[in-house]
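Notes for the one structure printed next.
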Number of protein chains: 2
Amino acid sequence: MSARQVTLAEVAKQAGVSLATASRVLNGSTRQVSEELSDRVLRTAEQLGYVPNASAQALARNSSSLVGLVVHDITDPYFSCIAAGVTRVAEEAGLVVVLGTTGRRPEREVELVSTLRAHRARAIVLAGSRTTDRTAQARLAAEIDAFTEQGGRVACVSQAKLGTDTVVPGNRAGGRALARALTELGHKRFAVLAGPSELFVARDRLAGFKAGLADAGAAPPLVINGAFTRDGGYEAALELLASKSRATCVFAVTDVMAMGAMAALRERGVRVPEDMSIAGFDDIPTLRDTVPALSTVRLPLEEMGEIAAGLVLDPGGDEARTVRVAGEVVLRASTAHN
Amino acid sequence: MSARQVTLAEVAKQAGVSLATASRVLNGSTRQVSEELSDRVLRTAEQLGYVPNASAQALARNSSSLVGLVVHDITDPYFSCIAAGVTRVAEEAGLVVVLGTTGRRPEREVELVSTLRAHRARAIVLAGSRTTDRTAQARLAAEIDAFTEQGGRVACVSQAKLGTDTVVPGNRAGGRALARALTELGHKRFAVLAGPSELFVARDRLAGFKAGLADAGAAPPLVINGAFTRDGGYEAALELLASKSRATCVFAVTDVMAMGAMAALRERGVRVPEDMSIAGFDDIPTLRDTVPALSTVRLPLEEMGEIAAGLVLDPGGDEARTVRVAGEVVLRASTAHN
DNA sequence: GCGTGGCGGGAAAGCGCTTTCCAGCGCTGC
DNA sequence: GCAGCGCTGGAAAGCGCTTTCCCGCCACGC
């Protein structure tokens, strides 16, 4: 057993060249190697089944081929779509994706960045939404600094006051456009299932929505906070029903929450859209199969992942770059005229 | 810029001890170190913000803290659930998950194992279903052998004739039990949307289902092959409708395919379950929010991921272990009496 | 004819860590 | 009182690779 891994030294010896030459042939350096030797090395490497030891390369080059991807929950379609985009780009670039999940715990995010730093990752994509928690934010920023100091690159998806490259979805504008579209359907009284108030994403979408209502001269919405998950949406919807609000239309700040909310409405016999219209945000792929089809603000999630990966792999300047991605209002069957 | 990483040597020097001692303190070796020195080292490390270089450790120890996870498509809830299970266990064990996606291409799977081997991953979890393609299978087996020779461990989720540890869902038994449950509802004529015929998972579920029908004395089903995706289910359902089959109940071998099929039925005005009953397999979480709720065979997906990770991280014997996971028939609103 | 460059090849010095091996020391046991 | 043991600390040899530096060779140009 344990037929130890073939090393470069073995290949070199077998091919009758020096270690240096073998290395140059097998890993394209700037230096040229004569065709004869090059062929010989290539052939022996092939023959021996040589696979370079990535750790040794990482150590010698002081940089690895790892790209970190940090998400809250990989089963959430929002994150899995972004993950798909990131992995596609990374794999095309010959890099390897390290997946870390935080379970929405800010400390865990810091830990993950630190681990990735220990592994000398090339780059990190942070896909979770930032919070307004100052101390968590500060520790994360410190860890990110340490990482960039060391030559790593970082990009965030969604708002991030971290001075890194960022892919920013049009949360505010999307919320605003959605509000206008819904008022145009004739709705006057709204409720918002707003997620936790300390999440930037949630805040921005809410703020945009409020602004849109104001534009249209509608009354401010009833705002119900809750967890940023399906079950959070479910609970928030129950709360809404219990509140005796006279809202005719409810906006859940994520599709996932909207799904939960629809389940709650269904259970309570509230018909969508006849009794209540509902809209979400993100346009996750699973929406294709909900009934009634959910109105939402479409974000190109996979593409956002690709863009983030692109930013983080591109050498780029030292300026933090920001790519804005617009959301597009998509009205479907879950929102009716009022 | 680039305030180079703090090294062990720096910590050792600063603390006035030898490299060896510092290493022993900071990475728990078998050797003891006096409390005084130990304290001093710990303090300086803390103070300097020392983070061990994982590549160097991997090189010196000839083993890394990487665990590979190979899936076909991370946006598929089936895989993302398994991924969640695997990452949870891996992270608890202080390991780091490397995510590779194959896009269902067998060559890519081989590449990924090879990459993981280059990185001296501790272990690999292969979550995609195996195919009956002989040559692809052989190359994969060779790569896996190389990896295990080198001390790595491999586990597969779902059927795998690869001689590795395996988590085997009760595909056959589940299909059979489902068939029986459906015949008990009074259905006599069935169709199966069976996925590609070369996939073991698809074949086993189909075979079990057929056996169950036979048990109940029902006629063999109409079998329609297609892609193993939502759109494959959609297409297959259209084909079914075009076929003028008189089936009253259709079994899609995965929930994801069933979702596509339901969409097709809905579009064509076929009511579920009044005009047609439908059942899937897996019980992916997104089913919670489909209407009508889909009958299915529940598999504990996250748990399967956890088990696979457990197998692969546990030293274990040299015997290939197999853990069977039973599926449980769950009848919901999508299947009616006939 | 010989100095000058340029170019391909190899020796060897690391990269940051683990681990073996040895030295020194305080004990025990005869 | 001393051999022998167990224990802790340190020196140093790698782990497999990259890369610098040097050397020898050839083609030129004066």
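Each chain gets a letter, A, B and so on, in the order the sequences are listed, and its residues count up from 1.
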With a cut-off of less than 4.0 Å, is there a side-chain N or O of [X] near OP1 or OP2 of [N]?
| X | N | value |
| --- | --- | --- |
| A:Q57 | D:dT18 | yes |
| A:T21 | C:dG10 | yes |
| B:S18 | D:dG9 | no |
| B:N27 | C:dT18 | yes |
| A:S55 | D:dC15 | no |

Quickly work out the [X] [atom1] to [N] [atom2] distance and round it to whole Å.
| X | N | atom1 | atom2 | answer |
| --- | --- | --- | --- | --- |
| B:N62 | C:dC17 | CG | P | 17 Å |
| A:E36 | C:dG9 | CD | C1' | 12 Å |
| A:N53 | C:dC15 | CG | P | 18 Å |
| A:L59 | C:dG14 | CG | C1' | 9 Å |
| A:H119 | C:dG16 | NE2 | P | 17 Å |
| A:R61 | D:dG16 | CZ | C1' | 12 Å |
| A:Y50 | D:dC17 | OH | P | 4 Å |
| A:L26 | D:dT18 | CG | P | 9 Å |

Could you go over nucleotides 21-26 of chain D and give all protein N or O partners under 3.5 Å, atom names and distances?
unit_1: D:dC21; atom_1: N4; unit_2: A:R31; atom_2: NH1; d: 3.3

To the side chain of [X], which of [options] is closest?
| X | options | result |
| --- | --- | --- |
| A:S34 | D:dG14, C:dG10, C:dG9 | C:dG9 |
| B:T7 | C:dG16, D:dT18, D:dT19 | C:dG16 |
| B:L37 | D:dG9, D:dC17, C:dC17 | D:dG9 |

Practice problem: Identify the two heavy atoms, one from A:L48 and one from A:V6, that lie closest to each other, and give their separation to 0.1 Å. | Solution: O-CG2, 3.3 Å

Quiz item: When rounded to the nearest 0.5 angstrom, what is the spacing between CG in A:N53 and CG in A:L8?
Solution: 10.0 Å

Exercise. Enter the distance from B:D73:CG to A:S80:OG here, rounded to the nearest 0.5 Å.
Key: 8.0 Å

Practice problem: Classify the nucleic acid contact of B:S23 as base, sugar-phosphate or nothing, counting any heavy atom under 4.0 Å across all strands shown. | Solution: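 The residue B:S23 makes base contact.
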
Quiz item: Between the side chain of B:R105 and the main-chain N/O of B:H72, is any donor-acceptor distance below 3.5 Å?
Solution: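 Judged by distance alone, no pair lies under 3.5 Å.
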
Quiz item: So, the side chain of B:R321 versus the backbone of B:L311: is there a donor-acceptor pair under 3.5 Å, distance only?
Solution: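 Yes, because the side chain of B:R321 sits within donor-acceptor range (under 3.5 Å) of the backbone of B:L311.
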
Exercise. Would you please name every residue forming a ring-ring contact (aromatic ring centres under 6.0 Å, His included) with A:F228, sequence neighbours left out?
Key: none

Quiz item: Does a donor on one side chain sit under 3.5 Å from an acceptor on the other, for A:N62 and B:Q5?
Solution: no

